[in-house]
Amino acid sequence: MKKITIAIDGFSSCGKSTMAKDLAREIGYIYIDSGAMYRAVTLFCIENGLFNGKEVNTERLKEEINHIRVSFLLDPTTGRPRTQLNGKDVEDRIRTMEVSSRVSIIAAIDFVREYLVAQQQEMGRTKGIVMDGRDIGTTVFPDAELKIFVTASAEIRAERRYKELQEKGEKANFDEILANVKERDHIDQTRAVSPLRRAEDALLLDNSQLTIAEQKAWLIEQFRKATEE
Ligand code: DC
């Protein structure tokens, strides 16, 4: 069967990563979480004092960017990739509210996007890849054979993130999370560089009312159609 490129884009916290990860495992493809790459750069900025409140020192970041290496290492017990920043495991640290509340600022910087998009395109050179993010179907892989644009209501997405944080034993406040989800939607959709938008040829998936099993069946069906053509 021919190998294809699968681009999954959509709003934050609508289950894109879980869906993309499961699909990749099922069909034996590589999975890349592009959001984790923006999160890792954000963590780097936090840990190296590049933030002053919500402002980032772009001059220093420009000097440092070529020294920021983001990669993924497969966890042998779970079979899932863990994000590495300059060779150190940062998978848990990039998922905190501290990073979530600043990542949109980093993702709106043009030279950060250029740097990460080039790496993402290199990762997908040999196809057989599922990548999720915001601009995968529009900018990273405009020729992807299968593009999916995922959405769900802001309340449902906030609820999911709330449960996720609670399960990890992190402090979580629903109203704060909902405000963060809405703020990120706004920044993601209105930023000047690569704003979040549905590619014309992307299939729309609103999963507000879908079970994981229903969603999975739908995805496999789209994959089957895309590979038989
Ligand atoms: O999917 P996520 O919540 O982990 O993404 C984190 C942030 O990175 C989010 O604010 C949007 C941004 N992002 C982006 O701009 N482009 C991508 N391809 C992936 C994520």
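Order of appearance sets the numbers: ligands from 1, and atoms from 1 within every ligand.
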- Task: Run the salt-bridge test on E26 and K216 with the 4.0 Å N-O cut-off and return the result as yes or no.
- Result: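 Here E26 pairs with K216 in a salt bridge, since their nearest N and O are under 4.0 Å apart.
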- Note on the structure: Honestly, for V140 the part within reach of ligand 1 (heavy atoms, under 4.0 Å) is neither
- Measure M37 to ligand 1 on non-hydrogen atoms and call it side chain, backbone, both or neither using the 4.0 Å cut-off. neither
Under 3.5 Å, is there a donor-acceptor pair between the [X] and [Y] side chains?
X: Q84; Y: S71; value: no
X: S17; Y: D132; value: yes
X: S153; Y: S208; value: no
X: R184; Y: S104; value: no
X: Y115; Y: N66; value: no
X: S100; Y: R39; value: yes

- Task: Using the side-chain hydrogen bond (donor to acceptor under 3.5 Å, both in side chains) rule, pick out the option among R160, Q166, E164 that qualifies with Y162.
- Result: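 The option that passes is Q166.
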Which heavy atom of the protein is the closest neighbour of [atom], given with residue, atom name and distance?
atom: atom 19 (C) of ligand 1; result: S34 OG, 3.3 Å
atom: atom 16 (N) of ligand 1; result: R113 NH2, 3.0 Å
atom: atom 20 (C) of ligand 1; result: G35 CA, 3.5 Å
atom: atom 10 (O) of ligand 1; result: S104 OG, 3.3 Å
atom: atom 6 (C) of ligand 1; result: R39 NE, 3.8 Å

- Does R191 reach ligand 1, in the sense of a heavy atom lying below 4.0 Å from it? yes
- Any nitrogen or oxygen of D132, main chain or side chain, under 3.5 Å from a nitrogen or oxygen of ligand 1? no
- Message: Is there a polar contact between ligand 1 and R95, counting only N or O atoms under 3.5 Å apart?
- Response: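 Not met; the criterion fails.
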- Just going by heavy-atom distances, which of Q120, R184, R134, R161 is nearest to atom 1 (O) of ligand 1?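 Minimum heavy-atom distance to atom 1 (O) of ligand 1 goes to R134.
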- Message: To the closest 0.5 Å, what do you measure between CG (L196) and CZ (F11)?
- Response: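 If we round to the nearest 0.5 Å, L196:CG and F11:CZ are 5.0 Å apart.
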- Could you tell me which atoms of ligand 1, counted from 1 in the order shown, lie closer than 4.0 angstrom to a heavy atom of A107?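 It comes down to these atoms of ligand 1: 12 (C), 15 (O).
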- Hey, which atoms in ligand 1 end up nearer than 4.0 Å to a heavy atom of D135? 16 (N), 17 (C), 18 (N)
